[in-house]
Amino acid sequence: MFFTLGVMIIPGIAYLIPTWQGIQLAISLPNFLFLLYYWFIPESPRWLLIRKKKDKAVRIISDIAKHNGRCLTPIYCQITVSDEEVTNPACMDLVRTPQMRKCTIILMYAWFTSAVIYQGLVMRLGIVSGNLYTDFFISAVVELPAAVLILVSIDRIGRKLPFALSNAGAGIACLITAAIPKDVMWLKITLATLGRLGITMAFEIVYFINTELYPTPLRNFGVSLCSGMCDLGGIIAPFLLFRLVEIWVELPLIIFGILALVCGGLVMLLPETMGISLPEETIEDVENLGNLAR
């Protein structure tokens, strides 16, 4: 929701600051405030245990319990750490076993697709929009229901089905929008809005489903590598959009629709993570997660 609120204020910033250099500074400089997080955000106790730092992990757990008005049971002091040597994650760890390989490839494609379609639909406003500021703001407001739909669905019907349906919905909306003539503009706008809603849901779901499918030692590395495809998608999106509209203005929507539909089918191959123990320490935990899903 706060991501969407950030998108909603961008047209106001752009309206008040007429140069792209000024806009870039306005939205970039506040990021230095994240440096303050170093003193406020505790390290992950699970990660510390993997790194054989039991005492620090227990101190953080105790501090969390204290701030939540809870008391730790003695069992927390009896936590043991593995005697195995700590190894740093490698790229091959993400594709070494069948289940890890499948999850990694599908998630990389999902990140790429979400970025291409989301960025493409946003930038398409600059081509077909009447008042860019107003249309950008309205399209951002449409993203708010996406967060609400996620909140009411992921703990009731699971992660996988909303993920697949949001991609499929975005794809179908893009394809139908491309087929509707311009003289029915209200319908084109409505369906394009539904496409933006669907891809926003998919973009938000891929963030946490990615973290749930990797064990603790590989989680940061795996999410970073997979989400790198999001950056690649963001780079490709403007070239894809502005080159294809020279051929036919609706051609980018057809490409977006195909990408989203393929993604919707692929994510159904991922294991469902609702209500089951998540992978903690080893790649074998991920393989077992796949067996539970079957």
Side-chain angles (χ1 to χ4, degrees), residues 3-4 7 91 93-123 143 146-147 149-151 153-155 157-175 194-215 218-238 240-241 252-274 276 278-279 283 286-287 289-290 293:
F3 176 90
T4 299
V7 177
C91 287
D93 292 333
L94 299 178
V95 294
R96 198 180 304 280
T97 58
Q99 185 67 20
M100 283 290 293
R101 185 161 51 247
K102 180 179 73 174
C103 290
T104 298
I105 292 172
I106 293 174
L107 288 169
M108 289 175 75
Y109 179 77
W111 276 104
F112 175 81
T113 300
S114 297
V116 168
I117 300 174
Y118 183 88
Q119 300 285 4
L121 290 177
V122 170
M123 287 185 287
E143 294 185 9
L149 288 171
I150 292 172
L151 286 172
S153 64
I154 58 170
D155 289 329
I157 62 176
R159 281 85 158 113
K160 190 164 63 172
L161 188 58
F163 195 16
L165 290 177
S166 58
N167 275 290
I172 293 170
C174 286
L175 291 175
L194 292 175
R196 176 76 175 269
L197 174 67
I199 202 60
T200 299
M201 281 189 65
F203 214 159
E204 294 177 1
I205 293 174
V206 73
Y207 273 94
F208 64 83
I209 201 171
N210 199 165
T211 64
E212 292 181 338
L213 288 176
Y214 285 137
L218 288 174
R219 188 165 293 132
N220 287 339
F221 182 73
V223 173
S224 297
L225 183 66
C226 290
S227 62
M229 295 302 293
C230 170
D231 301 324
L232 179 61
I235 293 170
I236 290 176
L240 184 68
L241 177 69
L253 288 177
I254 295 176
I255 302 299
F256 297 158
I258 294 172
L259 288 173
L261 287 174
V262 171
C263 188
L266 288 176
V267 298
M268 290 301 294
L269 301 175
L270 295 173
E272 178 57 68
T273 55
M274 184 184 73
I276 61 176
L278 300 182
I283 293 175
V286 181
E287 298 302 306
L289 190 64

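Everything numeric here is computed off the predicted structure, so don't read it as measured data.
The nearest pair of heavy atoms linking Ala237 to Gln119 is CB-CB, 3.8 Å. For the residue pair Thr211 and Arg219, the shortest heavy atom distance occurs at O-NE, 2.9 Å. Closest approach of Tyr207 and Phe203 over heavy atoms only: CD1-O, 2.9 Å. Here the closest heavy-atom approach between residue Val267 and residue Gly264 is recorded as CG2-O, 3.3 Å. Nearest approach of Phe256 to Ile117, heavy atoms of both residues: O-CD1, 3.3 Å. Closest heavy-atom contact between Leu218 and Met100: CD1-CE, 3.7 Å.
In this structure Met108 satisfies the side chain to side chain contact (heavy atoms under 4.5 Å, CB included) test together with Thr104, Cys226, Met229, sequence neighbours excluded. Every residue two or more places apart in sequence or in another chain that forms a side-chain hydrogen bond (donor to acceptor under 3.5 Å, both in side chains) with Asp155 is listed here: Arg159. Applying the side chain to side chain contact (heavy atoms under 4.5 Å, CB included) criterion to Ile236, with sequence neighbours excluded, gives Phe112, Leu232, Leu240. With sequence neighbours left out, Thr4 forms a side chain to side chain contact (heavy atoms under 4.5 Å, CB included) with Met8, Glu143, Leu144, Glu204. Taking Ala168 as the reference, Leu261 meet the side chain to side chain contact (heavy atoms under 4.5 Å, CB included) condition, with sequence neighbours excluded. Residues passing the ring pair (Phe, Tyr, Trp, His ring centres under 6.0 Å) test with Phe163: none are found, sequence neighbours excluded.
Between the Lys160 side chain and the Leu270 main chain, a donor and an acceptor come within less than 3.5 Å of each other. Using modelled atom types, no side-chain atom of Tyr118 and backbone atom of Thr113 make a donor-acceptor pair closer than 3.5 Å.
To the nearest 0.5 Å, atom CG of residue Leu259 and atom CD1 of residue Ile254 are 12.0 Å apart. Atom CD1 of Ile255 and atom CG of Leu175 lie 9.5 Å apart (nearest 0.5 Å). In this structure, Asn167 CG and Ser114 OG are separated by 5.5 Å, a value rounded to the nearest 0.5 Å. If you take CG on Leu149 and CE on Met201, they are separated by 5.0 Å, rounding to the nearest 0.5 Å. Rounded to the nearest 0.5 Å, atoms SG (Cys263) and CD1 (Ile258) are 14.0 Å apart.
Side-chain contact between Met274 and Ile157 is absent, with no heavy atoms from C-beta onward closer than 4.5 Å. A heavy-atom distance below 4.5 Å is not found between the side chains of Phe3 and Thr200. In this structure, Pro271 and Leu213 have side chains that are in contact, with non-hydrogen atoms separated by less than 4.5 Å. The shortest side-chain heavy-atom distance between Cys174 and Leu121 falls under the 4.5 Å cut-off.
Remark: the Asn210 side chain and the Trp111 side chain contain an N/O donor-acceptor pair separated by less than 3.5 Å.
For residues 166-175, no pair satisfies salt bridge (Lys or Arg N to Asp or Glu O under 4.0 Å), with sequence neighbours left out.
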